[in-house]
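Shown next, in structure tokens, is the structure this report addresses.
Basis for what follows: all heavy atoms, side chains included, without hydrogens, waters or symmetry-related copies.
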Amino acid sequence: MIDVLGSIALDLVMTCTTLPRVGETVLTDSYRLAPGGKGANQALAARRAGAEVRFVGSVGQDDFANRALTNLEAAGIGLDCVARTLAPTGCATVCVDAYGENQIVVASGANLLTRAEQMAGLGDAGDVLLLQLEISPEQNWQAIEFGGQAVKVLNAAPYAPIPAAALSALDVLIVNELEAEMLSENHGFGETAPVAIARAAAERFGLTCIVTLGAEGAVSWHAGGGYRAPALPLDAKDTVGAGDAFVGAYCAALADGHEHALCLRRAIVSGSLTCAFPGAQEGIPDALSIDGLLDEVAVETF
């Protein structure tokens with residue numbers, strides 16, 4: 001079982017030729033509403049990759065809540081720990097340009113009312129606890145304490161300073177290249193290269209550290225050494241949700257007891273495939289799709 005404590009939102013998505021600069025208005029033909037939120041995206045990715053999943057979070061008592069929960073309900077994700085609050089359901093505006101790059105603003109709404117106590121009684125041995133930073137960071141640090149014997153995974157996005165005690169209690173830390181640089185600065189690693197940062201974090205805090213590199217794939221470091229895996233050479237139409245698909249698929253493989261290299265390969269395939277479709281959740285692949293391209297990803301050890 002994977003327990004995901006995190007955010008859920010409804011995304012207002014607009015595709016435009018170029019992303020707006022400061023003070024610039026860009027016109028586009030249309031827009032669409034789509035379920036999103038990093039926590040919900042990662043929960044759905046883990047479920048589609050084959051895992052049993054529970055989602056722990058908060059929504060409002062509005063129509064946006066019902067829309068935001070649609071894909072999780074359809075996938076059979078456990079929603080008993082989702083609270084209905086008086087705050088509005090989270091919402092994000094997402095602009096995507098002709099190259100698939102994105103610009104996102106998130107209104108947190110009910111996500112800021114999510115509490116670690118909502119996951120009371122969860123965290124059995126063999127389970128995975130998956131966290132991100134779109135809810136109040138302090139709730140994540142408490143959740144790590146409440147997580148019992150579960151394997152604890154933090155995707156530090158969007159980045160916020162992480163206490164050393166929290167890092168020491170984690171099993172897996174996943175960051176992108178920019179987040180890795182901020183982690184290095186916050187904790188005085190004195191490193192700028194992704195592999196060096198992953199190694200410094202792994203050795204100082206006794207965890208597995210993965211740094212995602214977009215079209216370049218990902219690198220990681222853990223007790224067994226370093227790993228590098230390339231992304232699939234696909235034509236990216238939309239990078240929204242690719243990182244979340246990576247994280248969810250990684251955790252699904254981890255919950256299934258696979259060794260690190262295979263978890264990394266499955267994550268790479270999931271993240272890469274998601275870029276071929278618009279939106280945060282629409283393109284998240286299922287386990288069969290991941291299996292079909294797994295042989296295309298080779299992991300280099302060093």
- Message: For the residue pair His260 / Ser220, report whether a side-chain donor-acceptor contact shorter than 3.5 Å exists.
- Response: yes
- Message: Walk me through whether Arg32 and Glu282 qualify under salt bridge (charged side-chain N to carboxylate O under 4.0 Å, His left out).
- Response: CA-CA 12 Å; Arg32 57 191 171 82; Glu282 290 89 337; 3.0 Å; yes
- Message: Looking at Tyr99, is its backbone amide N or carbonyl O close enough to the side chain of Asp97 to form a donor-acceptor pair, meaning the two atoms are under 3.5 Å apart?
- Response: yes
- Message: Could you work out, with side chain to side chain donor-acceptor pair (under 3.5 Å) as the rule, every residue matching Arg265, not counting sequence neighbours?
- Response: none
- Task: Measure from the side-chain N and O atoms of Arg204 to the backbone N and O of His187, and report whether any donor-acceptor pair falls under 3.5 Å.
- Result: yes
- Item | Backbone of Lys38 reached by a side-chain donor or acceptor of Glu134 within 3.5 Å | yes
- In chain order, what residues pass the salt bridge (Lys or Arg N to Asp or Glu O under 4.0 Å) check against Glu24, with sequence neighbours excluded? Arg21
- Message: Under the rule for side chain to side chain donor-acceptor pair (under 3.5 Å), what residues qualify as partners of Asp62, not counting sequence neighbours?
- Response: Thr89
- Donor-acceptor contact below 3.5 Å, side chain Arg266 vs main chain Tyr250: no
- Query: With a 3.5 Å cut-off and no angle check, do the side chains of Asn186 and Tyr159 form a donor-acceptor pair?
  - Reply: yes
- Message: Checking Gln103 now: which residues fulfil side chain to side chain donor-acceptor pair (under 3.5 Å) with it, not counting sequence neighbours?
- Response: none
- Query: Listed by chain and number, what are the side chain to side chain donor-acceptor pair (under 3.5 Å) partners of Arg228, not counting sequence neighbours?
  - Reply: none
- Got a sec, which residues hit side-chain contact (heavy atoms from CB on, under 4.5 Å) with Asp127, two or more places apart in sequence or on another chain? Met1, Asp3, Arg54, Asp124, Ala150
